[in-house]
2 protein chains.
Amino acid sequence: MTVAVKCPPRERIIDAARDLFRKHGIKGIGVDAIAEAADSNKMTLYRHFGSKDDLVFVCLKEAAAEADAFWEGIKAANPGDAKAQLRDWVRCAGEFVTVEHCNCELLDAAAQLVEIDHPARQFVEELRNLYRVRLVELCRAAGAADAELMVDALTLLVEGARTNWRSAGPGGAATRFVKVAEMIVDDFLA
Amino acid sequence: MTVAVKCPPRERIIDAARDLFRKHGIKGIGVDAIAEAADSNKMTLYRHFGSKDDLVFVCLKEAAAEADAFWEGIKAANPGDAKAQLRDWVRCAGEFVTVEHCNCELLDAAAQLVEIDHPARQFVEELRNLYRVRLVELCRAAGAADAELMVDALTLLVEGARTNWRSAGPGGAATRFVKVAEMIVDDFLA
DNA sequence: TGACAATGTTACCGATCCGTAACATTTATC
DNA sequence: GATAAATGTTACGGATCGGTAACATTGTCA
């Protein structure tokens, strides 16, 4: 017997979908498996989300909302201190790379959406731009000599960490992401 | 009428498969499409390669052989000069990220093989270890203070560049990979 | 030219997957 | 308890995909 209160099916389906999309990729998991993992069924899934593409879109939007909240949390936790916000960002990014349930599906999914004519593709590209602009502003506020290049470095590192974590796991280079990223930050702020 | 000399079907199939695996992912392309792109047919494909998994394996082995040749080329071009070899490696890695027909399918494919019980999975993991050991030795020979961490940084950067290139294209951070990586190298060798 | 190997063509099987239809069951609201 | 909405179950259709069988065609070499 399960003690946890059962959420409505829509939430359970979204949660299961985000988890499975992240683990197996968008094309790597079927709607039947998602519905079963959500302890629901395919019919209910299609009544809430008209298609698999729509479900993908909803998952991405929810992940984006969480990323927004996470960003606002960092800004609120270190009011006015850009350098502290930047270091906090690195630390949180490191957690998001290695911790199981994270928002990483955003960019991971984007890579799969490139070659496909997926309705969520434009949405992801706009998000990517937003995150970049935000981070550039933060680096500039922190006093970075070349904020654009600094964001390039951080972007490559965090995307690489995610890829490496997925393929190499805990024994790979991704576990040292924070160490490397902090070095880069110090380097650019020096 | 085509002027180019037609290779035997086996080579054409391998070339087409490597190209399409890289573009669409292993699960993203079917054997029919590969055979057609190779200007051949599915029957001939299955007579040369017993299964799609075998074809994947052969493609990975060929890409690994090319990576070996590329590595030996760097060592031969800068005999005895570890620092020059390292800078050459960065430059070549940058080309491999953005140039079309490259060996990048190795690690890209690895990420897809993780969750699948694929026969080539162990092969890819051994390759990853080999490349890491090689690069660590090179960094150590070049006088890196912390060769292990330096390889972590370079690994994350190059994997991130590949991911970013695939999803963001020429306008993304991947185009500045060489600039960032050279900075890292200088940083670790200082 | 004849014979044999390699390659191409067509059709098919079984499995999987997205999506839908029809009907049964549970849950909530009055 | 009655009614209606939400959810669950079963079955199916159409498409795709990995893989195979049978046969036709081309190329090669004696």
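Here the structure is a predicted model, which is why all the values come from computation and not from measurement. For the numbers below, each heavy atom of this structure counts, side chains included, while hydrogens, waters and symmetry mates do not.
Residues passing the salt bridge (charged side-chain N to carboxylate O under 4.0 Å, His left out) test with Lys42(B) are Asp32(B), sequence neighbours excluded. Residues passing the side-chain contact (heavy atoms from CB on, under 4.5 Å) test with Val133(A) are Glu137(A), sequence neighbours excluded. Every residue meeting the salt bridge (charged side-chain N to carboxylate O under 4.0 Å, His left out) condition with Arg134(A), not counting sequence neighbours, appears here in chain and number order: Asp68(A). Take Ala153(A) and apply the side-chain contact (heavy atoms from CB on, under 4.5 Å) test, not counting sequence neighbours, and it matches Ile184(A), Phe188(A), Val180(B). In this structure Ala82(A) satisfies the side-chain contact (heavy atoms from CB on, under 4.5 Å) test together with Leu138(A), Ala141(A), Ala142(A), sequence neighbours excluded. Not counting sequence neighbours, the partners of Asp187(A) by the side-chain contact (heavy atoms from CB on, under 4.5 Å) test are Met183(B), Asp187(B). Residues that satisfy the side chain to side chain donor-acceptor pair (under 3.5 Å) test with Glu126(B), not counting sequence neighbours, are Gln122(B).
Residue Arg47(A) places a side-chain atom within donor-acceptor reach of the base of dG8(D), judged by atom type and a 3.5 Å distance cut-off alone.
Rounded to whole angstrom, the span from the CG atom of Asn41(B) across to the C1' atom of dA22(D) amounts to 14 Å. Remark: C1' of dT20(C) and CG of Leu45(A) are 13 Å apart, rounded to the nearest angstrom. As a whole-Å value, the separation of Ile13(A) CD1 from dA6(D) P is 14 Å. Between Asp54(A) atom CG and dC18(C) atom P there is a gap of 14 Å when expressed in whole angstrom units. Atom CD of Glu36(A) and atom C1' of dT16(C) are 15 Å apart (whole Å).
Glu62(A) and Arg18(A) are joined by a salt bridge, as a carboxylate oxygen and a charged side-chain nitrogen come within less than 4.0 angstrom of each other.
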What protein N or O atoms touch nucleotides 25-30 of chain C N or O atoms at under 3.5 angstrom, if any, and at what distances?
none

Produce the list of close N/O pairs, under 3.5 Å, pairing protein atoms with atoms of nucleotides 16-21 of chain D; give distances to one decimal.
| residue | atom | partner | partner atom | Å |
| --- | --- | --- | --- | --- |
| dG18(D) | OP1 | Lys52(B) | NZ | 2.6 |
| dG18(D) | OP2 | Val31(B) | N | 2.7 |
| dG19(D) | OP2 | Tyr46(B) | OH | 2.9 |
| dG19(D) | OP2 | Lys52(B) | N | 2.7 |
| dG19(D) | N7 | Lys42(B) | NZ | 3.1 |
| dG19(D) | O6 | Lys42(B) | NZ | 2.4 |

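Sorted by first and then second residue, the ring pair (Phe, Tyr, Trp, His ring centres under 6.0 Å) pairs with a member in residues 26-51 of chain A form an empty list; sequence neighbours excluded. Each side-chain hydrogen bond (donor to acceptor under 3.5 Å, both in side chains) pair with one or both residues in residues 144-155 of chain A, not counting sequence neighbours, appears once here: Arg132(A)-Glu148(A), Arg132(A)-Asp152(A), Asp152(A)-Arg176(B).
When each of Phe96(B), Tyr131(B), Trp89(B) is tested with Phe70(B) by the rule ring-ring contact (aromatic ring centres under 6.0 Å, His included), just one qualifies, namely Phe96(B).
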Pairing string of DNA chain D (Watson-Crick or G-U wobble, both atom distances under 3.5 Å; | = paired to other strand) is ||||||||||||||||||||||||||||||
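At the phosphate of dT7(C), OP1 or OP2 sits under 4.0 Å from a side-chain N or O atom of His48(B). Contact between the side-chain N/O atoms of Thr44(B) and the OP1/OP2 oxygens of dA6(C) is not found at any separation under 4.0 Å.
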